[in-house]
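Step one of this worksheet: look at the structure below.
Source: prediction; values computed, not measured.
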Amino acid sequence: MPEGVLRQKGLELSLIYEAYDSLVTNSFFDSETVLDRLAVMLDKTDRFIGGTVVVDGFRRFTAQEMRIIEKLLVRAKDVYVTLCTEDVHAESVTGAFSAAGETAQKLIRLASKLNVPVGSPVRLTDEKMGFSTYADDALRYLEKNLYLPDADAFDGET
């Protein structure tokens, strides 16, 4: 940054943050610190080698979480991740499921980079497997028409 008040304030904030981070690192745990420490500990253990890991209920992962997943992908025999998305192989995912779709693409690219095979996705809406998205007609209608600006009103019982 050019010399000036903004540069000076940035330097001051940097010093304050550095002192705070040093104090917190030595005194307390926060979620970021715990995840960073877990990533380091995974390098020192064989605990997950050959095991099965299940990660459930996420739309996207932080950088620290992705580092942990990366370490687990190369150690565990199987890693299962559940994401709420329409299609994990779509080129571009939009709408309500876009964050989870992007996460699925990141995980697939990561597994490919690590030479870890990716299994076929299991859709929990697949009626052939005994699953149904919604038992309620109104919710099923809402799911199909949520982003259609000219959709007709649902005329069934709600």
Side-chain angles (χ1 to χ4, degrees), residues 14 17-149 151 153-154 156-158:
S14 174
Y17 177 75
E18 193 175 312
Y20 170 79
D21 191 47
S22 176
L23 176 69
V24 169
T25 298
N26 295 323
S27 305
F28 306 102
F29 288 103
D30 63 17
S31 59
E32 276 188 38
T33 303
V34 169
L35 293 176
D36 288 334
R37 290 180 184 197
L38 174 60
V40 170
M41 289 173 59
L42 283 172
D43 289 330
K44 299 174 183 176
T45 184
D46 58 358
R47 186 169 196 98
F48 293 97
I49 293 176
T52 299
V53 177
V54 179
V55 182
D56 181 38
F58 292 93
R59 293 185 305 165
R60 80 176 66 226
F61 297 104
T62 65
Q64 290 95 340
E65 291 166 339
M66 285 298 285
R67 276 197 301 279
I68 292 166
I69 291 170
E70 179 175 0
K71 291 172 185 293
L72 293 172
L73 282 172
V74 296
R75 285 171 174 71
K77 179 180 175 225
D78 296 302
V79 177
Y80 297 94
V81 179
T82 63
L83 295 167
C84 185
T85 186
E86 295 273 321
D87 183 2
V88 299
H89 296 295
E91 286 297 317
S92 66
V93 181
T94 59
F97 305 111
S98 62
E102 290 169 9
T103 299
Q105 288 295 308
K106 282 182 185 176
L107 290 170
I108 290 168
R109 285 191 302 271
L110 177 60
S112 176
K113 179 182 109 177
L114 299 170
N115 293 315
V116 173
V118 175
S120 298
V122 175
R123 290 182 52 115
L124 298 184
T125 58
D126 192 341
E127 307 239 349
K128 293 178 281 187
M129 296 187 67
F131 297 108
S132 175
T133 307
Y134 300 111
D136 183 82
D137 290 336
L139 289 175
R140 191 175 303 113
Y141 183 85
L142 178 63
E143 176 191 32
K144 289 185 183 345
N145 296 284
L146 182 62
Y147 292 108
L148 298 178
F154 179 73
E157 187 176 326
T158 62

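Distance CG/D56 to OG1/T82: 3.5 Å, rounded to 0.5 Å. Between the CG atom in L83 and the CD atom in E102 there is a gap of 11.5 Å [rounded to 0.5 Å]. Going from atom CD1 of I68 over to atom CG of L73 covers 12.0 Å, rounded to the nearest 0.5 Å. The line from CZ of F61 to CD1 of I69 is 4.0 Å long, rounded to the nearest 0.5 Å.
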*Starting from the C-alpha separation in whole Å, work towards a yes-or-no answer on side-chain contact (heavy atoms from CB on, under 4.5 Å) for N145 and F154.*
CA-CA 10 Å; N145 296 284; F154 179 73; over 6 Å; no
*Does the side-chain contact (heavy atoms from CB on, under 4.5 Å) test come out yes or no for R67 and D36, once each step is laid out?*
CA-CA 9 Å; R67 276 197 301 279; D36 288 334; 3.0 Å; yes
_Test side-chain contact (heavy atoms from CB on, under 4.5 Å) on Y141 and T158; report intermediate values, then the result._
CA-CA 11 Å; Y141 183 85; T158 62; over 6 Å; no
_Would L107 and M66 count as a side-chain contact (heavy atoms from CB on, under 4.5 Å) here? Give the steps._
CA-CA 8 Å; L107 290 170; M66 285 298 285; 4.0 Å; yes
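Applying the salt bridge (Lys or Arg N to Asp or Glu O under 4.0 Å) test to R59 and every residue at least two apart in sequence or in another chain returns nothing. For V53, the side chain to side chain contact (heavy atoms under 4.5 Å, CB included) partners are F48, V55, L72, A76, V79, not counting sequence neighbours. Looking at residues two or more places apart in sequence or on another chain, you find a salt bridge (Lys or Arg N to Asp or Glu O under 4.0 Å) between D43 and K71, R75.
Taking 4.5 Å as the limit, some side-chain heavy atom of E65 sits within range of a side-chain heavy atom of T62.
S112 places no side-chain N or O within 3.5 Å of a backbone atom of I108 that could act as its donor or acceptor partner.
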